[in-house]
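Notes follow the structure.
The sequence lines fix the lettering, A, B, ..., with proteins before strands; numbering per chain opens at 1. Computed over heavy atoms, backbone and side chain alike; hydrogens, waters and symmetry mates excluded.
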Amino acid sequence: MTLEETKKATYTIPVGPIHPALKEPIRLALSVDGEEIVDVDIFAGQVHRGIEWLGMNRNNPIQSIYLAERICGICNICHPFAFVMAVEHAAGITPPARAEYIRTITAEMERIHSHLLWAGIAAHEIGFDTIFYLAWRVREEIMDLIEYVTGNRITKAMFQIGGVRRDITEEQFPRIRQSLDYYKSLFGQLKRVFLDDRTIRMRTKNVGVLKREDALKLLTVGPTARASGVPKDVRQDQPYAAYADLDIKAMTPDMVSGTVVGDVYDRIIVRLLEVKQAIEIIEQCLEKMPPGPILAQPKTAVLLKTLTQAEGEGIGRAEAPRGEVIHYVRLEAGQSTLATWKVRAPTYVNLMAVPTILKGMQIADVPIAFASIDPCMSCTNRIVVTDRAVGRKSVVGYEELHRLSVEKTKELPR
Amino acid sequence: MSLKAFKRALWVYHLNTGSCNGCDIEILAVLTPRYDVERFGIMLVGSPRHADVLLVTGPVVKQMVPRVKRIYEQTPDPKLVMVVGNCGIEGGVFYESYNLAGPVDQIIPVDVYVPGCPPRPEAIIHSVVMAWVKLEKAEQGVS
Amino acid sequence: MELLTPEKIIDSFKTALGDSFIDAKIYQCEVAVKKNKFRSLWVEVKKSAFRDAVDHICHLQQYPHLAIISSSDLGAEVELIYHFTIYYGHHLEELSLGLRVKLPKSDLKIPTITDLIPGALFTERETQEMMGVEVVGIPDKRRLFLPEDFPEGAYPWRKDEKGPPNDMLRVLPGREPK
Amino acid sequence: MKMFEAARTILKQLFLNPATNKFPAKYAPASTIQFLNSVTKGELKMIPPVPVPSKFRGKIALNKERCTGCRLCIEVCPTKAIEFIPEEKKVKIFVSRCCFCAQCVEICPPKVLSMTEEFLLATYDKYADELVIVDSGGLPGSVERKEPDTGAAEKPAEQS
Amino acid sequence: MNLLGENIWINGVIIIVGSAVLVFIGGVFGMLYRGIDRKLVAHMQGRVGPPIVQPFRDVQKLLMKESIIPDGAVSWLFTAAPFICLITSALLLLYIPLFGLQALLGGFGDALLIVYLLILPSLAFAVGGFASSSPYATVGAQREMVVLMSYEFPLAVAIVSLGWRIGHVTTQLTPPANPFMFSTIAEYPIWSLVGPLGIIGSLILVFTLLVVTSGKGAKVPFDVAEAETELAGGILVEYSGRNLCLFYLADIIKAFAMSSLVVALFIPYNLSPLVGIGTPVLAGIVDGLFFLVKVFAVMFISMSVIRTAMARFKISQVSWVYIIAMTLISLVGLILIAVDLMV
Amino acid sequence: MDTLITHSSILIIAIPLVTAFLIPLVGMTSKKARNALVIVSLAFVAFLVFALAKDIAINGIHIYTLGATSPDLTTPTGFMAPVRIILEVDGMSILMGIIWSIVSLAAAIFSFSHIASETGQNRFYTLLLLMVTGGFGMMFTGDLFNLFVFLEIASISGAALIAFRTKFADTQEGGFKYIVVSAIASLMVLFAIGLLYAQYNSLNIGALAQVIQYTTPDKIALALLLIAFTMKAGMVPLHLWFPDAYSVAPASITGMLVITSHACMYAAFRVCFTLYGGMLGTSVVGWILIIFGLLSMFVGVTMAVFQKDVMRFMSYHAISQLGYMWVGVGVGLAVLGNPALLATYGRDAISGGIFHILNHAMYKPLLFFTGGALFYCTGTRDLTKMGGLAHKMKWTTILYIIGTLSISGIPPLNGFSSKILIYESVYQFHPILTITGIIVSILTLASFTKAFHSAFMGAELPEYKEVKEVPRSMIIAMVILAAGIIFITLFPALIVNWIINPAADALINQGAYINAVTGATP
Ligand code: SF4
Ligand code: SF4
Ligand code: SF4
Ligand code: SF4
Ligand code: SF4
Ligand code: SF4
Ligand code: SF4
Ligand code: SF4
């Protein structure tokens, strides 16, 4: 930050860059007048890792599944989900129906975990740590369930092109139902805590308003759009996997409050409703799950060969907790790597709404308003290091740092 | 100088250098009731100046290099650096790209590595135990 | 708003664009147990008629959703696909519509559509920096993801000599490059 | 009354047991080294971590003897964690690179790879012996490891 | 006010030694209470929480850490601010009666002095923030000033109302007693002076003071100046090591002093006369313990519970709560007490 | 020595007057000599003031009759009432004198560097000394007409000084406003004097007080006098000219103008307590002073919050601080007729108000001087344009902090001692007074901290790279005042017992004043 920026009247407060909105962390430059925000500029790409390039330079699409999974650690079902669908469309592979159901179940589990995670973070952003703890404590149940079903808490590694890698068997159903019942019994309390609490209402009502018009123009997706009254949900509009068998309805805040304001409060409503919806979807899936194989091609080595020969392009769309994820994949015959891979994460588009959301708000609203689009998570605060020249005496130069680090790597106190 | 109190009051600054968030949410999970590292005196702080431990995640993309270094400098001594997650340790899935400068130990000295992608919360707690052991050994070495 | 079938949409493109319409195909597959259809529509138009095509899409639905622009380096040309989705908000009715234009590498220019769809800005900026396609008339010329010091004239997604320079590529210690 | 909902909940919580799993001990021990020693000696009991489910994917294990050196695992590994040892025609695996996807386990024709339940991997040296898997011997749960006996003996939800 | 009393030397020595002891004891109990507070809050959040001695460890650790002075800072102010903050917080302990005893310097100052003394730590805190020249610290310091201003409104109303009511009795005495003196307040507790309306009024004042205590302690929902999620530590961003420790201690002592103030103003009772313990030593111990219980109660309500059960306010909401809502409420208290006097 | 003390009151007025006319002569020879002359004369005057103060403390009211065979021969034979020009110095007057002597000395020293770049410096010092003369005259005179004359002297020289820096356009406007206000005030005073003289044939305050009847014309005269003096002192709602005039004057003069405000305030008190005194049996006048005092406190401080000009900002605070004195003394006045209440809190309230005058006279000029120092260094009075000056101007910063803490009444500084005295007495009159007082002082603190942040804190600004600490003489001037603050801070009891309480008693005890001049044994 330069000197002018520290200077009075309107000065600029940098937010970020240690923050992973989009696929990458981000930096916001807020022009502030007193406590009010007059302008917002977005600097994306603070930790651009070049994942698409990586994917286009890997040996085979199977490896890229795990890259897709690590586009983001929170929605690491929906990215592989969309990716494998795109590859399947491109290569003309149809996954078995049972696999579609298992995919759906994991995706909805992820939605529950992600929304609870968001609820916690949002509470933390407004300084309500008790709710943060409450939400994250409740979330552990779904984490356990995810670990039980997929083998890991975060990175699930469930997806394979043409199906899923692990089955969900009848014996596992009771354990799953048990967790779902836990959430159903808890839902009332969650709803009371989030929608009725005084301070939460004070901090979220009429904060970060996004009007329907703007939501449409700025191409927002997911709960951000739905909270502004746009009933857009891939699971409803162009259903994929098991969603095509279920009747999904996009959740909008008027279902609870009767009106659509498009503020942070409405986004809370939408996410809460979706938690409930997710529970119902999982239950239906468990009920209707067809028998059969879980992979179109159980032999991975054969699958690799098929993919090398395949030619074509495809698009995969999945409704992530934060909104629609789109992957575009192009395969060329005789080439095992992806010819083109394009990823569109929901935050990518939602981010464009951020200036609209933040303008006119107070500094104190920034964390919660920004977090309300759920840019992965919000560590808008993880910002201390600005580019300002407070760098003080540089204790160690780069060379020395490097030396130190190498030394430390070697020095092993055994 | 006794590290006794130091080791039982570690304040942590969390620094994401381009991770996928997986590790970051597990770090947060470690703070929550199920794991609650505050019982060890560990707190997450918002400024590196308050920190004793830097928890670094991510493979260090190029833009972050100066920041990582500056944060390291801003952290007052004595301090520990812990890398959480394999992408910070060895790059993980991001091992090759046009925009990487990592892994973390190429940029700043690292004390404890926590392998995993992401590590379970308990694994992160375990790494704290490792850090204590390291501090205790260092202290014994001094005295 | 009338919801047209994919075939009808193709027809409407033909009437709207005339000669500039090059090709269209419909991809379709059946999903899960009920075998509902998942359809996507791919329309290719001449570069000259690109804006007309976008305009036409805007007439199919007032606020078409532009998901992303994907770009592929095909050797002599660069292919841009504008991934639209239209008819959202209606159960089972939504369509993915890929609008394909090919640009010869000698003339990598495409007009902006931010006036029609304001939200197209990010993806246009990204296309510009990643593929080296100049978006004519773009309101914000800055880079989006790439760092300030990324070399001019190098574009990560290009597969020719303009791809990321070799000295930028970094394989983390301990692994050999591919 | 709604307004006092939160206060009532938290005050009630005051008298309930916390939801914390106290791994490895309730508080930081005064001397960790001593603590760990006593644990090894069996004098003290370490409170165990939350148990892992049977499908858990922890540190990888390799039965070197039966590896055929087919390199399929290398082909499919997304992190280049597996290195081929040309002299022996075997592989070695760097745990600190692995992303625990188990794709190699799946593809390995003789099924000599497996994911163990070990996950407390913190270390001072990322190339420490225990993190570079060359041979784990006839590992418990390698080939022998059956497909998970699902459903049985799973822990119930841990919290109230 | 007569500092130039006779026996100036003896008094001086007593005062200096006494202050040191008092500040030490106050600090220890303050830290203990902070530990208890953290433990209770953790339990309310369903966690184990840190051991009760944790604040001691934090302090010990901070003391051994390097104290960095950032480049842009006004260094002399930057370093002086934490000291001033701690000293002025410690000063509070000398003027407020603790452990059921008279305040050490009670003869030199009264409740009104406390109102002003309470400003000083916050002021030093804000100055430290300004001196760091970081934008976050600056915003934090500005907020600190706003908060300070805001809660001073109801605080002034509450204390003056109390003193005014007690003064109606005590200034008629011969010789008249200053109703703002803690000794007078203890001798003529407000509850024994007023009728039912006045009791309600006084309860309102107690409520006001509890809310003010919460703000004074800079705890959620009033911790806008440090707001971790917004300002990354606010005023304290640039502080580290010993300097940070001084602020940390000052905060702890301030919270303890503030709670003691509420006790001294509204619950000045001692247990020993009630249960009829005669021996001075025993009575002292009983009263001291009773005092600790009272302070605990105040702290538990005004800090632990409130901060667990609420979200952080925005700065505008903080000033609204204090300047408008709390001030009006406390004025209602004053009016009730006044009406009570008339009927 | 005794003779010196006997004649000291007239010397205190005369020495500056004479020096004023010597200045142009000496100034032609050398600048240094002129500065020395100014210092020496003011220092000597200060010495005389202190000597006189001691004398009054021991011997009571000091009377000096011009032209009489003996200075204390007030009533010439054959006359029922005093006719000569009489100086009457009691506890209250001498308190004002002490203040005036210290501040004028500091102001003169401050001017040496502050004004150094201006032309016409001889004129400046002449005017300054004339203003000193006027001030002392107002404080010491025992005669209404002389009060008017000295008021005129002070006003005219003051106006000229405000407009002194002709290179700034706004100074002319400020000076003009000041002279207009002064003229209106003078006219009103003159008219009131006329009303009184017409009835009682006398203008000596003591003599008048003895005979005054509180008739309708007397009431009108009282109203006129009060309006005139409160207007000149800048009480809300007659304050609008105040910041305009004060902010444009050279800082040293602003510091002195503050004291002339006090002098007018003193005049108002004299009129209320000494002239009308017991006549004002009802508490109406007291209430008026209290209410407008409260208004001043509030309006002053809230207006100050919005000021960007550092001097205007401080001017508004001056208005606000004056409010405390009005309230304190007003409460005393309101209960003047009730000896019991007067004893329980009335006297303390008056003492508090008066003590606050003393304190204000220390910290306000100090703050104005720091404002002047800022202007001197940065060439701007706009707070938003300043920043980071603490890096360069350490002394000014510290002095500013002292002033800030003092004006905000932060313990243990002197501002607190007087405020607490006010608070602990006036709450018994009405609790709202104390509450308002506390709140206003917090607001004061907040706005001074804000200004502090704007001017001194933050990173160093490039445009002030070259800025250095202000010259030594300016620092010395500020340190003199700061030393005053610290002295009062350290020995508040001493000051209250020896200076403030006598002054308060002097106001309350109308009889003593009358007796001193009419010669009756008390
Ligand atoms: S996914 Fe796209 S934006 Fe993200 S790192 Fe990869 S290339 Fe960059
Ligand atoms: S939306 Fe965010 S959390 Fe979800 S996958 Fe994308 S980047 Fe990750
Ligand atoms: S906590 Fe979330 S938002 Fe913050 S750095 Fe980690 S992943 Fe990013
Ligand atoms: S460090 Fe940041 S993201 Fe993490 S909990 Fe605190 S505020 Fe939230
Ligand atoms: S180690 Fe794995 S889970 Fe952790 S940040 Fe890196 S890629 Fe994500
Ligand atoms: S588990 Fe995955 S990342 Fe690890 S070695 Fe096997 S294939 Fe590679
Ligand atoms: S796939 Fe299995 S057999 Fe083949 S090299 Fe790898 S470990 Fe050995
Ligand atoms: S070589 Fe072919 S047949 Fe043999 S295990 Fe591998 S994939 Fe199966």
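- E/L244 has its side chain within reach of B/W11: a pair of non-hydrogen atoms, C-beta onward, lies under 4.5 Å apart.
- Counting heavy atoms from C-beta on, the side chains of B/R8 and E/P51 never come closer than 4.5 Å.
- Salt bridge annotation for E/R38-B/E38: present, with a cationic side-chain nitrogen under 4.0 angstrom from a carboxylate oxygen.
- Using a distance-only test at 3.5 Å, with no hydrogens or angles considered, no donor-acceptor pair links the side chain of E/D58 to the main chain of B/A9.
- Annotation: maximal heavy-atom pairing with chain E below 4.5 Å, among B/T32, B/L10, B/D36, occurs at B/D36.
- For a residue to count as touching a neighbouring chain, one of its non-hydrogen atoms must lie under 4.5 Å from one of that chain's; by this rule E/Q45 touches chain B with the backbone only.
- Residue E/L62 touches chain B through its side chain alone, counting heavy-atom pairs closer than 4.5 Å.
- In terms of heavy atoms, B/L31 sits closest to E/R47 at O-CD, 4.2 Å.
- No donor-acceptor pair under 3.5 Å is formed between the side chain of E/K65 and the backbone N or O of B/H50.
- Listed here is the closest heavy atom pair of B/P33 and E/G46: CB-O, 3.4 Å.
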